[in-house]
Structures are given as C-alpha cells and as structure tokens.
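A short write-up of the structure that comes next.
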Amino acid sequence: MTIADFNKDWVEYLVKNIKSIKLNGILSRMIKYMRDEATHIVQMAPIPLLIDEREFFDLQKKGNLLKSAVMKMYCKERSELDHETFLKEYAVPAELEFLVDWESLSRGFEDASRFDIIQDTNGQFFFIEFNVGSTVGGYQSYPPLKSFMDEFDFPYRPAHSPAWMLMQRLANVCRTQGINKVVFFGDSLFESAGYLSKGVYREVLESVLPGIEIVFVTETNIREHFSKGQPIAMFNWMPLEYMDKHIDIFKEAKRCSVQIVSGIEANVLSNKKWVAKLHDEQNFPFLTAQEIEAVQVSIPYSFILTQDNKSQVIAQKDKYIFKVTNSMGGDQIYVGKDKSVAFLDECLDLTSEWIVQELKETVEIEIPVVGVRGLHKHKFVLGLFNHGEISCGLDIRLSQSSSIVNVTTGAISSVAFPTSEQDKLVYIEQDKLQSLSMEAVAD
C-alpha cells in the first residue's frame, strides 16, 4: 500500500467535512500562524496527512542503519586524510577551517538530521538525501498541523517537534558553558526569503532554558552583541556560501570567544557524496551486513560523475537525476529525461562535483488545494526528522508540477502523522470530526 492509498479515505473524509472544519476556525488559525511567523514562502497544505505507523517505524530503523554506515565511512576518511584534504573533499573553503567543530562532526547524526525519502509506484521507499544541522528545513508546518490533529482528537503517535530537535544541541551548549544569551545569526537576504520561523525557535528554546535571552540579528547589527564580558552562543542557520560571504563576522566572533553552534559540520554531512559513497563496494568491508542491505535496498543506485563516465551517463540520461554534491534547496538538480543531451553536456561542468542517481517512478497523492475545487495530484518527498535515535516527525512536501519537490521551488508543505489503519478507520466510522466540530461551535 502506498501513502496515497493509505490517505485516500482520510482525505475524502476531511473534504466531506470541510464546512465543519471551517466552522471550528482551525484553518483560519493555521493561516494566521504562518503569517505571524513570516514564513510567507512556505505554502501549507490545508490538511494534515497520515502514514501507516508500521512503515514509519521501518523507515526509522533503516535511517538509523544508514546513519551508522555514513559515520563509519566518515571515521575511515578522517583516519586517512589530514584536515585540509578532508575539507576540500566536501567543498569547504580552506579559510573556513577555523570554524570546524571536529568534536561535533565526529558525533555526526546525533544532532538534528532529516532524511529525504521518496516512494515508488510499487510502494517501496527510497532515501535520496541526508540533511544535517541548521540547514534542516520543513519544521514550519508542524505546530499548526499538530494543532489540527489535537483539536479534532485524532489518535496518532506523538513525537517531538522538528524545532525541538534543532534546538537540543544549542540548549546543551548553553547548559554546559553557562551561557544565558543566544544570538541567532542570518544574512538579511537569507532571512527575508520567507521560510524561517523565528517564533518556533524562540518558543522551544525558552521552554527548555527558562530565562534565556534570545536575539535575532543580521550582518548589519550582530557585532554590537559581541562582548568578552558575557558568554554568548551564536546559532548560525545559514548554508556554506553565506558563511564564506560573512567570514569577517565569524572571525570576530571567534576573537570574542563567542560559542558558534551549527556550522561547517552540517554542510559536510549534508554533502550528497555520501549517498554515492555508500554504494561504492570498496566501502562494504567497513559495514555490517545489515547496513549493506539497507544501502542496496533503500538508496537508489548513486555514483559520482567523472570525465570517464560522463558521455555514457548523458547518453542514458532518462535513467538518472543529476545533483551538485553541495547544493541545497533544490538548486542545481536536473532530471535527465526533462533535459536535452546538449543542455546536460554543457551544464554538467566538472569544475563542480556531481552525483548521478537512479531515477525512480514515484507515486502521486491527491489532496485539496486552497481556493481550487476538487482533489489534485501532487508529487511528494517525505522528510524524516531525527535527533540521535529519537524520531521527531515526518514532513511531506508536495508539488503539482515540479519533480524537484522543494519549498524554495514552490512546493507546499504538510506533515504525515503516524497512525494505524484500525485507528484511522474507527475515527472515520464514528465520524468524530463532525461531532467535535459541532461541540466546539455549541460552546
């Protein structure tokens, strides 16, 4: 059974009861939440979705095996390469080495991570990318859609929010270092992109560190918060190119003994080379049989593009998707069948590093769209959030048009809540949503 199959009766049930849902006011509150959070680029689906809890736990298990495999390869490379060579392998400029927290990097996926997952038309799930640290997106829709589920008393497996997951390392640094002030740093252009949710971060951090002072700054005013007299943590939520752009700010922060959290290590472990290296049989002797099986079954065949294989791969372009190894936000990702041979021959410039990944025919799901009647088919990508061994929810990004499903390219966002087939059917048969909505209106 695919996610589309599992959600079919659930979506139909919600659509049938749309008037009751509107009377309750939950949709208006969801819209207000997103507007207040200034996440204007993130379009949220009007309903939460579901996933069979058995499949959810299976994804969690496979994800843990893949994390273990990556960290074994990391340890192998760190033992063989000096710092400079290792960072060059993952496209980290040499001048940013002073920002690397090697201890944090050695912990790997113990901090915040998100696996991007697709499902093919046969119902099989595939892990296509790993994302780590502050660059992990997809947390914005969780609070309002969780409120939807709680408001209508739907039985689902509770989980920590993705925002909670992202703040754990920062909170731990503050506790151990005696820090009582946190500066969230983001480039002004990056922050105005419209998919950062500052209120969620503030709420979570204040709940675990009561009394903490929290400031959100950009490159224009961050320096006024640097002081050697007060221990400060600086949380960086920008990708690598922004860090390189503002290197002087990071150098000054280091001189002022500011504790910088979530930096280079996130970019290293989010590099798409890892999924290709997992398929390299030269690395199999370092992995367990379970880890090798998880790689072969759960990751589409992936390899690094080279001058030697480029012509052959482009000739077979319809079988593949091409990705720059250090890209984020859906940038520089090309589906071979959508591009001409000439385009790919020119575009796949080997001055950048690319991976080639087997293209899967993916399932689509029908959901309602705000302001448009009926149900509409969407491509989707799942995001499995983890903090160490703890699962922190499953977001789902959906697009009617683009095969590169990302909020930065116009995808809408929802959450897939784990539940059982039995609980879902009982809820629908008892028509609990209708009765709860009427109770709320009566009150």
Side-chain angles (χ1 to χ4, degrees), residues 59-94 96-97 99-117 125-133 135-136 169 239-240 262-306 308-309 321-328 352-358 383-389:
L59 289 175
Q60 190 175 2
K61 180 180 177 181
K62 288 177 179 174
N64 288 334
L65 287 169
L66 296 175
K67 285 192 293 186
S68 174
V70 169
M71 290 315 298
K72 286 178 180 178
M73 290 195 303
Y74 162 77
C75 291
K76 172 180 174 290
E77 291 190 11
R78 283 289 295 114
S79 68
E80 296 172 346
L81 306 176
D82 59 34
H83 284 185
E84 181 181 354
T85 307
F86 178 84
L87 293 177
K88 184 178 180 181
E89 173 72 3
Y90 295 100
V92 177
L96 292 180
E97 182 180 345
L99 285 173
V100 179
D101 182 343
W102 293 101
E103 181 181 349
S104 174
L105 190 52
S106 68
R107 292 197 304 269
F109 296 95
E110 290 179 19
D111 292 323
S113 63
R114 187 195 75 219
F115 296 124
D116 284 355
I117 303 167
F125 291 101
F126 293 93
F127 291 69
I128 55 173
E129 289 181 18
F130 306 149
N131 298 276
V132 180
T135 54
V136 173
R169 180 180 167 209
L240 194 62
S262 198
I264 301 296
E265 58 276 11
N267 290 274
V268 169
L269 291 174
S270 297
N271 193 289
K272 295 176 178 61
K273 273 187 180 180
W274 292 112
V275 296
K277 290 183 176 183
L278 282 171
H279 271 288
D280 186 344
E281 293 185 2
Q282 294 183 65
N283 291 313
F284 285 4
F286 304 96
L287 309 182
T288 67
Q290 278 187 312
E291 290 164 350
I292 294 171
E293 181 183 11
V295 169
Q296 294 178 326
V297 172
S298 303
I299 299 180
Y301 181 62
S302 308
F303 56 94
I304 295 172
L305 186 72
T306 66
D308 291 337
N309 64 25
I321 184 167
F322 303 88
K323 305 177 182 182
V324 164
T325 57
N326 63 342
S327 67
M328 292 184 180
S352 298
E353 291 188 297
W354 297 79
I355 69 161
V356 184
Q357 193 168 77
E358 180 186 2
L384 177 65
F385 290 94
N386 285 277
H387 176 71
E389 298 294 310

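Using a 4.5 Å heavy-atom threshold, the side chains of F286 and M73 count as separate. Residues F115 and K62 are not in side-chain contact: their nearest non-hydrogen atoms beyond the backbone lie 4.5 Å or more apart. Within the 4.5 Å cutoff, the side chain of Q357 has no heavy atoms near those of the F126 side chain. The shortest side-chain heavy-atom distance between Y90 and L269 does not fall under the 4.5 Å cut-off.
Of the options V92, V268, N271, a side chain to side chain contact (heavy atoms under 4.5 Å, CB included) to N326 is made by N271 and by none of the others.
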Could you please spell out the steps behind the side chain to side chain contact (heavy atoms under 4.5 Å, CB included) verdict for I128 and K323? CA-CA 11 Å; I128 55 173; K323 305 177 182 182; 4.0 Å; yes
Given ring pair (Phe, Tyr, Trp, His ring centres under 6.0 Å), test Y301 with F303 step by step and report yes or no. CA-CA 7 Å; Y301 181 62; F303 56 94; 5.6 Å; yes
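Atom CG of L384 sits about 4.5 Å away from atom CD1 of I117, to the nearest 0.5 Å. Put simply, CG on L105 and CG on N267 are 10.5 Å apart, with the number rounded to the nearest 0.5 Å. E129 CD to D116 CG: the interatomic distance, rounded to the nearest 0.5 Å, is 5.0 Å. Between the NE2 atom of H279 and the CD atom of E358 there is a distance of 8.0 Å, given to the nearest 0.5 Å. To the nearest 0.5 Å, atoms CH2 (W354) and NZ (K272) are separated by 10.5 Å. In this structure, K273 NZ and E353 CD are separated by 3.0 Å, a value rounded to the nearest 0.5 Å.
Using a distance-only test at 3.5 Å, with no hydrogens or angles considered, a donor-acceptor pair links the side chain of S79 to the main chain of K76. Looking at D280, its side chain never comes within 3.5 Å of a backbone N or O of N283 through a donor-acceptor pair.
A 6.0 Å sphere centred on CD of E80 holds more than 12 heavy atoms belonging to other residues, nucleotides or ligands. Other residues, nucleotides and ligands contribute over 12 non-hydrogen atoms within 6.0 Å of the CD atom of E97.
Minimum heavy-atom separation, P300 to F127: CD-O, 3.3 Å. Between S302 and V275, the shortest heavy-atom distance links the atoms CB-O, 3.9 Å.
By the 6.0 Å and 45° rule, K67 does not stack over the aromatic ring of F130.
Counting only residues at least two apart or on different chains, the salt bridge (charged side-chain N to carboxylate O under 4.0 Å, His left out) pairs with a member in residues 281-297 are K72-E291.
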